[in-house]
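Quick note on labels: first sequence line is chain A, next is B, and so on, each numbered from 1.
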Amino acid sequence: MKLYSAYQALEREVRDAFNRALPGDLAGPGISVEKAPPDRGDLAVNLYRLFRDEDMAVKMANEIAGKIKNSSRYIMDARSEGGYVNIRIEPNLYGKLVWDVVTSMGGTYGFNPHPSPIRIIIEHTSANPVHPLHVGHLRNAILGDALAKVLRARGHTVEVHFYVDDVGLQMAYAAYGYEKVKHVKRDVKPDHYIGLVYAIVNAIVNVRELDGKRRTEEDPARRAEIDRELLDWLWVSKELMERDEELFSILSEATKRENPLARILEINRAYEAGEEWAVKLVREVAGLCIEGFKQTLSRMGISFDKWDWESDVAVWNGLSDEVIRQLKEAGYAHVDRGAIVFEADKLAEDAEIRRKLGIPENFTVTPLTLMRSDGTTLYATRDIAYSLWKFKQGASRVVNVIAAQQSLEQIQVKLALYALGYVKEAENVIHFSYELVTLPGVKMSGRRGRYVSADELIDEAVKRACEELVKRGLEPEENRDVAERVGIGAVKYAMLSISPLRPLSFKWEKILDFERNSGPFIQYAYVRARSILRKAGDLKPGVPEGAFGEEEKKLLLLVSYLPEVVAKAADELKIESLAQYLNELALAFNSYYDKVPILKAEPREKAQARLALVKMVAITLENGMRMLGIDPPHRM
RNA sequence: GGGCCCGUGGCCUAGCUGGAAAGGCGUCGGCCUCCUAAGCCGGAGAUCCCGGGUUCGAAUCCCGGCGGGCCCGCCA
């Protein structure tokens with residue numbers, strides 16, 4: 001059997017030693033081995049967990065520490081400290097084991113297959129094709145990409161999908177505007193162009209509609225509310241007019257000659273019905289945006305296996321209609337003023353269903369409209385159809401990387417699958433939720449054209465990386481590639497190292513941090529390691545008898561954790577644990593680098609062993625970074 | 001109004017299947033004739049939001065507050 005993790009072998013060794021030392025009735029798999037605090041040892045076993053009584057735990061710790069001291073070749077020393085047994089491991093034997101695993105795995109080190117791997121479809125990013133990707137989508141894309149890579153390292157078969165949301169009113173808004181201005185050329189990426197047009201149409205239509213509403217509104221409170229909204233959109237209009245006067249006036253004029261909203265609704269209806277003129281128009285607009293997305297994503301090193309057009313997978317094939325029909329037939333949907341409503345709330349009253357689907361006990365579920373009275377479907381309806389479609393592609397689990405705002409909708413989708421009789425599927429739709437990226441002071445809004453685009457962020461990141469290169473005497477022209485890797489690495493790490501459940505307030509200096517606990521910090525440690533390996537000359541890495549000492553232990557242990565960290569990151573969908581682990585490894589390596597000579601170590605065996613350690617660190621850092629989607633530079 | 005998420009040194013964050021409070025930024029002090037100083041070493045700095053409860057033991061679990069974000073649409 002192939003050994004993927006040296007640490008796992010070590011842990012088993014320690015557990016066995018404990019089981020031999022424990023009274024027979026207490027022995028078993030319950031021993032959990034953890035990391036000891038620095039200065040107390042390498043590994044620790046907490047006996048409180050086993051005995052639940054303070055005096056007893058302390059007493060047993062004393063007893064066991066004495067017994068296991070010489071009970072395994074890997075254990076150098078064991079000491080009892082207040083209910084814990086702190087263990088020091090023997091660096092040479094363990095070092096040899098780690099070396100064997102790391103070098104035999106090489107570029108695949110970290111791969112740690114799950115005992116029962118499955119087929120997973122990850123859907124991420126899925127931005128509406130009506131504006132460029134902004135920093136919020138970037139968080140989504142970076143998380144989704146890393147998630148896919150980590151799950152693959154866990155042995156799962158992963159397919160990454162982008163859901164092109166080409167059906168819906170937002171698309172019709174963009175298409176409506178594009179129809180009027182497509183003859184006007186602008187020297188920007190296509191998605192930026194569409195984004196501007198989309199925002200202008202939104203502003204014009206909203207101002208027009210709100211103005212109409214306020215004239216007929218009798219209730220003063222309600223009227224004040226409308227006035228506030230109107231004022232907001234007037235401000236937005238002013239901003240957009242300043243950005244592109246010509247486009248704004250063309251669209252403004254056009255909307256005076258007709259009712260834009262009626263036309264937008266018509267485009268939406270015709271597209272959903274598959275009428276040729278609408279298909280041609282909408283696909284052209286969406287296609288332009290997608291082209292822009294692909295440019296941005298490819299620069300980020302993020303790619304997709306499939307681009308699922310909502311119209312294809314959920315509408316024109318009749319799947320959404322089928323979902324509605326079956327929900328009605330099953331008695332979970334009713335007609336309300338011409339619209340069809342799914343009774344998700346009633347279904348959610350059943351505590352057993354909640355438990356099965358992992359819906360929090362008190363979560364308030366509301367009914368869900370499936371079909372408008374004009375016969376068109378809604379986003380959530382199509383999402384139900386799409387979820388079914390994903391399972392039909394052979395997935396046994398579906399992970400949706402979607403903003404936390406959509407928690408209710410995701411639960412409604414689950415409930416609909418359940419109601420349709422797809423119980424297993426409902427249980428296996430995972431909402432990988434993440435919080436928004438907020439701009440201090442302003443609310444990001446695609447409809448208002450207010451956002452920091454992903455392209456701007458990447459440009460700025462790369463620019464700052466370039467400035468750093470110049471400071472270090474590296475020619476920026478020759479190091480374009482390094483600047484790209486470092487700048488983008490900084491952005492990715494910033495978004496991966498903190499929990500996705502924490503709102504991220506966007507600050508340039510925080511995201512473009514190049515110091516400790518950053519992407520570049522990890523890249524730098526890697527570059528230093530590579531640099532030593534390059535300069536090694538005749539010295540070959542190896543693990544001669546007795547060449548590893550106390551100084552090496554911390555790094556050896558850290559290197560050997562990678563497969564464990566991968567397992568945790570994949571099984572618990574906690575990418576941040578991998579990011580933080582790499583930071584810890586880089587920190588430890590930098591400290592080691594400063595403390596001991598490597599190439600000049602005496603005797604030669606010591607230098608060989610240290611070089612071997614440097615190589616292991618380089619491999620570990622590189623593989624870890626790749627799993628996060630961070631590219632390792634060759635120098636910096 | 002109901003619900004979901006978050007609340008840890010001045011700031012940002014890890015720990016949250018209960019058992020030894022962990023990093024970064026900032027701050028104060030030190031380290032480049034030696035493998036890249038995007039670095040390293042050291043100091044100061046914490047009523048783990050508040051109040052109860054469960055437990056031998058709570059940052060972690062339960063209840064009740066408070067503060068912030070989000071959701072409750074024939075939008076997506």
**Asked** Roughly, in whole Å, what's the span from CG in A/L585 to P in B/A14?
**Response** 20 Å
**Asked** So, are A/R325 and A/D321 salt-bridged, with charged N and O less than 4.0 Å apart?
**Response** no
**Asked** With both distances under 3.5 Å as the test, what is the Watson-Crick or G-U wobble partner of B/C35?
**Response** none
**Item:** Base-pairing assignment for B/C4 (Watson-Crick or G-U wobble, both under 3.5 Å)
**Value:** B/G69
**Prompt:** To the nearest angstrom, how far is A/N590 atom CG from B/C40 atom P?
**Reply:** 5 Å
**Item:** Candidates B/G23, B/A14, B/A76 - which lies nearest the side chain of A/L587
**Value:** B/G23
**Fill in**
A/Y592 atom OH is separated from B/U36 atom C1', nearest whole Å, by 18 Å
**Prompt:** Any salt bridge between A/E468 and A/R472, counting N to O under 4.0 Å?
**Reply:** yes
**Message:** Please pick, from B/G39, B/G69, B/C35, the nucleotide with the shortest atom-to-atom distance to any side-chain atom of A/S531.
**Reply:** B/C35
**Request:** Could you state the atom-to-atom distance from CZ of A/F51 to C1' of B/U55 in whole Å?
**Result:** 19 Å
**Request:** Give the rounded distance in Å between these two atoms: CD1 of A/I264 and P of B/C75.
**Result:** 13 Å
**Request:** Figure out the NZ/P separation between A/K606 and B/C35, and round it to whole Å.
**Result:** 21 Å
**Fill in**
Side-chain contact check for A/A44: nearest option of B/G7, B/G24, B/A20 is B/A20
**Prompt:** Is the number of heavy atoms from other residues, nucleotides or ligands under 6.0 Å of A/R269 CZ greater than 12?
**Reply:** yes
**Request:** Please report, rounded to the nearest Å, how far the P atom of B/A76 is from the CD1 atom of A/I402.
**Result:** 14 Å
**Asked** Do A/D513 side-chain and B/A38 base share a donor-acceptor contact under 3.5 Å?
**Response** no
**Prompt:** Given B/U36, is OP1 or OP2 found less than 4.0 Å from the side-chain N or O atoms of A/K535?
**Reply:** yes
**Request:** Establish whether the base of B/C40 is bridged to the side chain of A/S591 by a donor-acceptor pair shorter than 3.5 Å.
**Result:** no
**Message:** Suppose you measure atom C1' in B/U8 against the same atom in B/C49; what distance do you get, rounded to whole Å?
**Reply:** 10 Å
**Request:** Looking only at side-chain atoms of A/N128, point me to the closest of B/A76, B/A20, B/A14.
**Result:** B/A76
**Request:** With the side chain of A/E435 defined as its heavy atoms from C-beta on, choose the nearest nucleotide among B/G69, B/G3, B/G24.
**Result:** B/G69
**Message:** For A/R40, is there an ion pair with A/E81 - N to carboxylate O distance below 4.0 angstrom?
**Reply:** yes
**Asked** In Watson-Crick or G-U wobble terms, both distances under 3.5 Å, what is the partner of B/G19?
**Response** B/C56
**Request:** Compare the minimum distances between each of B/G2, B/A76, B/U36 and the side chain of A/Y593, then state the nucleotide with the smallest one.
**Result:** B/U36
**Request:** Whole angstrom is fine here: how far is it from CZ in A/R530 over to C1' in B/C35?
**Result:** 14 Å
**Asked** Which of the following nucleotides, B/G24, B/G19, B/C4, is nearest to the side chain of A/N517?
**Response** B/G24
**Prompt:** For the residue pair A/H131 and A/H137, does the interplanar ring angle fall in the parallel (under 30°), tilted (30 to 60°) or perpendicular (over 60°) class?
**Reply:** parallel
**Asked** Where does B/C62 land, syn or anti, once you apply the within-90°-of-0 test for syn?
**Response** anti
**Message:** Counting only side-chain heavy atoms from C-beta out, which of B/C40, B/A14, B/A37 sits nearest to A/I498?
**Reply:** B/A14
**Request:** With the side chain of A/E515 defined as its heavy atoms from C-beta on, choose the nearest nucleotide among B/G39, B/G19, B/G2.
**Result:** B/G39
**Closest nucleotide among B/C74, B/G2, B/U36 to the A/S373 side chain** = B/C74
**Asked** So, are A/E229 and A/K213 salt-bridged, with charged N and O less than 4.0 Å apart?
**Response** no
**Message:** Both distances below 3.5 Å, Watson-Crick or wobble geometry, any strand: find the nucleotide opposite B/G42.
**Reply:** B/C28
